[in-house]
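Count residues from 1 along the sequence.
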Amino acid sequence: MIKINKLKKNYENKKIFNDFNMNIEPNSITCILGPSGVGKTTLFNIISGLTDFESGEIEGIDKKDISYLFQEPRLIPWLSVYENIEIILKNVYLEKKRRQVINYYLKIVDLEDCAKQKPKELSGGMKQRLSIARTFAYPSTLLLMDEPFQGLDIKLKNIIIESFLKLWKEDNRTVIFITHDIDEALKIADQIYIIQDKPVKISQVVHIVDDHSSRDIFSSKYLKIREKITKILSD
């Protein structure tokens, strides 16, 4: 389990986090949900070690054992689809094992026939699927996702989320996912931390026990959850 204990973070004399506590369950998808500007990305950067903090403690994280999935694919344009994954694995696996891992993940996201293509030859959705495959190919135990579905149209977003969940079900690694989109949280998360205000506080934790494949976010059950979350965020 990852534990954030008594976290304090100030920015320009403003308290962003003050005695902030949070527990992240292992092998599950935890969503940090809140309005833009509330401090989600700051928390993300603190967890990843990219941002310092005044005091507090974060337990259960090895900074060398983290994979990242960002809003944009961040692909290397002069490398092929295959090489964009291979470059992060050269110091991890020998060539034979590396080839097996790359082909395995490309197959899961339906890009195995595009292995020799360059990023400029891919659609936006294909680029994001490649980014997801690359993220999972690296043998981390923690995956940090910074609003990777933002800006995608609904149809493409659903395709990308489906690819992500397909990969996650293969290894169930611990995922921390930040968003301000309630529907994304309902589709993906096992638990949703709703954060508000500054200093940031946890308004509520919503647990979702349904398997991802069986979730109908437009059912009466999920409409009630959405209404509940919306009300919390608007108070």
Counting heavy atoms not belonging to [X], are there more than 12 under 6.0 Å from its [atom1]?
| X | atom1 | value |
| --- | --- | --- |
| K3 | NZ | no |
| K15 | NZ | no |
| D153 | CG | yes |
| E95 | CD | no |

Less than 4.5 Å apart, side chain to side chain, heavy atoms only: is that true for [X] and [Y]?
| X | Y | value |
| --- | --- | --- |
| M126 | E121 | no |
| I176 | I24 | yes |
| S28 | T30 | yes |
| V109 | F164 | no |
| M145 | I29 | no |
| F20 | I202 | yes |
| T179 | F149 | no |
| L130 | I85 | yes |

Just verifying a value: how many Å separate [X] [atom1] and [Y] [atom2], rounded to the nearest 0.5 Å?
| X | Y | atom1 | atom2 | answer |
| --- | --- | --- | --- | --- |
| K120 | K127 | NZ | NZ | 11.0 Å |
| L111 | N103 | CG | CG | 12.0 Å |
| R129 | I159 | CZ | CD1 | 7.5 Å |
| R99 | Y93 | CZ | OH | 14.5 Å |
| L223 | K221 | CG | NZ | 12.5 Å |

Between the main-chain N or O of [Y] and the side-chain N or O of [X], is there a donor-acceptor pair closer than 3.5 Å?
| X | Y | value |
| --- | --- | --- |
| E54 | N10 | yes |
| Q128 | P148 | yes |
| K40 | G34 | yes |
| H207 | Q191 | no |
| Q196 | I232 | yes |
| T174 | N27 | yes |
| S140 | L143 | no |
| N21 | K6 | yes |

D183: partners by salt bridge (charged side-chain N to carboxylate O under 4.0 Å, His left out), with sequence neighbours left out: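 R226.
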Looking at residues at least two apart in the chain, or sitting in another chain, which of them share a salt bridge (charged side-chain N to carboxylate O under 4.0 Å, His left out) with D113?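 Counting only residues at least two positions away or on another chain, D113 forms no salt bridge (charged side-chain N to carboxylate O under 4.0 Å, His left out).
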Would I192 and I194 count as a side chain to side chain contact (heavy atoms under 4.5 Å, CB included) if you check the C-alpha gap in whole Å, the side-chain angles of each, and the deciding distance to 0.1 Å? CA-CA 6 Å; I192 304 171; I194 304 169; 4.2 Å; yes
Return each pair, listed once, that meets salt bridge (charged side-chain N to carboxylate O under 4.0 Å, His left out) where at least one residue sits in residues 133-145; pairs must be two or more places apart or across chains.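 Pairs touching residues 133-145 that pass the test: none.
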Any pair counted as salt bridge (charged side-chain N to carboxylate O under 4.0 Å, His left out), so long as it reaches residues 184-207, sequence neighbours left out: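 Pairs touching residues 184-207 that pass the test: K157-E184, D190-R215, D197-K201.
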What about [X] and [Y], same hydrophobic cluster or not, with Ile/Leu/Val/Met/Phe/Trp/Tyr joined at side-chain heavy-atom distances under 4.5 Å?
| X | Y | value |
| --- | --- | --- |
| L106 | I132 | yes |
| L33 | I4 | no |
| L165 | I182 | no |
| I178 | L50 | no |
| W78 | I87 | yes |

Once side chain to side chain donor-acceptor pair (under 3.5 Å) is applied, do any residues pair with T41, and if so which ones, sequence neighbours excluded?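 Result, side chain to side chain donor-acceptor pair (under 3.5 Å) vs T41: none returned.
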Let's go through W168 and H212 carefully: what are the C-alpha distance in whole Å and the side-chain angles of both, what is the deciding distance for side chain to side chain contact (heavy atoms under 4.5 Å, CB included) to 0.1 Å, and is it a yes or a no? CA-CA 11 Å; W168 181 79; H212 298 97; 3.6 Å; yes
Which heavy atom in [X] sits nearest to a heavy atom in [Y], and how many Å separate them?
| X | Y | result |
| --- | --- | --- |
| L79 | P119 | O-CD, 3.1 Å |
| F53 | I46 | CD2-CG2, 3.5 Å |
| D216 | S219 | O-OG, 2.7 Å |
| S67 | T135 | OG-O, 3.3 Å |
| E83 | S80 | OE1-N, 2.8 Å |
| A189 | C31 | CB-CB, 3.5 Å |

Decide side chain to side chain contact (heavy atoms under 4.5 Å, CB included) for I108 and F136; before the verdict, give the C-alpha distance in whole Å, the side-chain angles of both, and the deciding distance to 0.1 Å. CA-CA 11 Å; I108 290 181; F136 275 90; over 6 Å; no
Pair Y104, E170 - check side chain to side chain donor-acceptor pair (under 3.5 Å), show working. CA-CA 11 Å; Y104 170 76; E170 294 293 321; 2.7 Å; yes
Hydrophobic cluster of L94, others only, ordered by chain and residue number, side-chain cut-off 4.5 Å: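 Same cluster as L94: nobody, lone residue.
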Can D171 and R173 be counted as an ion pair, charged N to O under 4.0 angstrom?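 The answer is yes: the pair qualifies as a salt bridge.
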Check this for me, if you would: do E12 and K14 make a salt bridge, where the nitrogen-to-carboxylate-oxygen distance has to be below 4.0 angstrom?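 Looking at K14 together with E12, the answer is no, because their closest N to O distance does not fall below 4.0 Å.
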